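Each remark here refers to the structure printed beneath this line.
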Amino acid sequence: MTARSLDRTLSPMSVEVVHQWRADRPEAALRELDDVRVLVAVTTMDGDTVPAGTEGTVVAVWGGGEAYEVEFPEPMGALATVAAGDVVFTGRPVP
(Lines give C-alpha, C1' and ligand atoms only; values in the text may rest on other atoms or scores of the structure.)
Protein backbone atom coordinates (compact mmCIF):
# COMPACT_ATOMS: atom_id res chain seq x y z
CA MET A 1 0.00 0.00 0.00
CA THR A 2 1.40 3.37 -0.94
CA ALA A 3 1.36 6.43 1.29
CA ARG A 4 -1.16 8.04 -1.04
CA SER A 5 -3.61 5.10 -0.88
CA LEU A 6 -3.15 4.85 2.90
CA ASP A 7 -3.98 8.54 3.21
CA ARG A 8 -7.25 7.94 1.35
CA THR A 9 -8.27 5.03 3.59
CA LEU A 10 -7.72 6.93 6.84
CA SER A 11 -10.14 9.78 7.21
CA PRO A 12 -9.69 12.20 10.10
CA MET A 13 -12.29 12.11 12.86
CA SER A 14 -13.76 15.35 14.06
CA VAL A 15 -14.05 16.17 17.74
CA GLU A 16 -17.82 15.77 17.43
CA VAL A 17 -17.47 12.21 16.09
CA VAL A 18 -15.10 11.20 18.88
CA HIS A 19 -17.34 12.88 21.47
CA GLN A 20 -20.41 11.03 20.13
CA TRP A 21 -18.52 7.74 20.04
CA ARG A 22 -17.68 8.17 23.73
CA ALA A 23 -21.32 9.06 24.43
CA ASP A 24 -22.36 5.69 23.03
CA ARG A 25 -20.11 3.86 25.53
CA PRO A 26 -22.05 3.97 28.80
CA GLU A 27 -19.41 2.59 31.19
CA ALA A 28 -18.95 5.99 32.87
CA ALA A 29 -21.61 8.32 34.27
CA LEU A 30 -19.68 11.34 32.98
CA ARG A 31 -17.75 11.83 29.75
CA GLU A 32 -15.09 14.14 28.42
CA LEU A 33 -16.19 17.79 28.15
CA ASP A 34 -18.98 17.44 30.72
CA ASP A 35 -19.25 20.31 33.18
CA VAL A 36 -19.06 19.26 36.85
CA ARG A 37 -18.95 20.72 40.35
CA VAL A 38 -16.72 19.27 43.06
CA LEU A 39 -18.38 18.38 46.36
CA VAL A 40 -15.16 18.44 48.37
CA ALA A 41 -11.98 20.50 48.27
CA VAL A 42 -9.45 18.91 45.88
CA THR A 43 -5.73 19.35 45.40
CA THR A 44 -4.47 20.06 41.88
CA MET A 45 -1.42 18.45 40.30
CA ASP A 46 0.47 21.65 41.14
CA GLY A 47 -0.50 21.46 44.82
CA ASP A 48 -3.13 24.21 44.78
CA THR A 49 -6.42 23.69 46.62
CA VAL A 50 -9.68 24.03 44.72
CA PRO A 51 -12.57 24.61 47.15
CA ALA A 52 -15.75 22.52 47.26
CA GLY A 53 -18.44 23.98 44.99
CA THR A 54 -15.99 24.95 42.23
CA GLU A 55 -17.07 24.10 38.69
CA GLY A 56 -14.76 22.56 36.11
CA THR A 57 -14.69 20.45 32.95
CA VAL A 58 -13.97 16.73 32.67
CA VAL A 59 -10.96 16.24 30.39
CA ALA A 60 -10.38 12.50 30.98
CA VAL A 61 -12.23 9.50 32.38
CA TRP A 62 -10.20 6.98 34.41
CA GLY A 63 -11.12 3.39 35.23
CA GLY A 64 -14.42 3.41 33.39
CA GLY A 65 -15.66 6.26 35.55
CA GLU A 66 -14.02 5.50 38.91
CA ALA A 67 -12.29 8.91 38.72
CA TYR A 68 -12.16 11.93 36.45
CA GLU A 69 -9.47 14.39 35.43
CA VAL A 70 -11.09 17.79 35.88
CA GLU A 71 -9.76 21.12 34.62
CA PHE A 72 -10.63 24.21 36.65
CA PRO A 73 -10.56 27.85 35.50
CA GLU A 74 -8.73 29.04 38.65
CA PRO A 75 -5.86 28.77 39.07
CA MET A 76 -5.62 28.93 35.30
CA GLY A 77 -5.57 25.46 33.73
CA ALA A 78 -5.51 23.65 37.08
CA LEU A 79 -5.97 19.88 36.80
CA ALA A 80 -7.04 17.46 39.51
CA THR A 81 -7.99 13.80 39.60
CA VAL A 82 -11.33 13.56 41.40
CA ALA A 83 -13.13 10.43 42.62
CA ALA A 84 -16.51 9.78 41.02
CA GLY A 85 -18.35 10.33 44.30
CA ASP A 86 -16.79 13.76 44.73
CA VAL A 87 -18.26 15.38 41.59
CA VAL A 88 -21.75 16.08 40.29
CA PHE A 89 -22.83 16.70 36.71
CA THR A 90 -23.84 20.29 35.95
CA GLY A 91 -24.09 20.33 32.15
CA ARG A 92 -23.03 19.00 28.79
CA PRO A 93 -21.95 21.03 25.77
CA VAL A 94 -24.01 20.53 22.65
CA PRO A 95 -21.80 19.25 19.79
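Since this is a predicted model, take the numbers as computed values, not measurements.
- Contact detail for Tyr68 and Ala29: the closest heavy-atom pair is OH-N, 3.6 Å.
- A pairwise comparison of heavy atoms in Gly65 and Ala28 identifies CA-CB, 3.7 Å as the closest pair.
- Note on residues 82-91: no pairs pass side chain to side chain donor-acceptor pair (under 3.5 Å), not counting sequence neighbours.
- The side-chain contact (heavy atoms from CB on, under 4.5 Å) test with Val70 is passed by exactly one of Val36, Thr81, Thr54: Val36.
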Let me check something: any side-chain donor-acceptor pairs from residues 55-63 under 3.5 Å, sequence neighbours excluded? List them with distances.
{"from": "Thr57", "atom 1": "OG1", "to": "Asp35", "atom 2": "OD1", "distance (Å)": "3.4"}
{"from": "Trp62", "atom 1": "NE1", "to": "Glu69", "atom 2": "OE1", "distance (Å)": "2.9"}

Give the table of side-chain donor-acceptor pairs shorter than 3.5 Å for residues 37-50, with sequence neighbours excluded, one pair per line with atom names and distance.
{"from": "Thr44", "atom 1": "OG1", "to": "Asp46", "atom 2": "N", "distance (Å)": "3.3"}
{"from": "Thr44", "atom 1": "OG1", "to": "Gly47", "atom 2": "N", "distance (Å)": "3.4"}
{"from": "Thr44", "atom 1": "OG1", "to": "Asp48", "atom 2": "N", "distance (Å)": "3.0"}
{"from": "Thr44", "atom 1": "OG1", "to": "Asp48", "atom 2": "O", "distance (Å)": "3.4"}

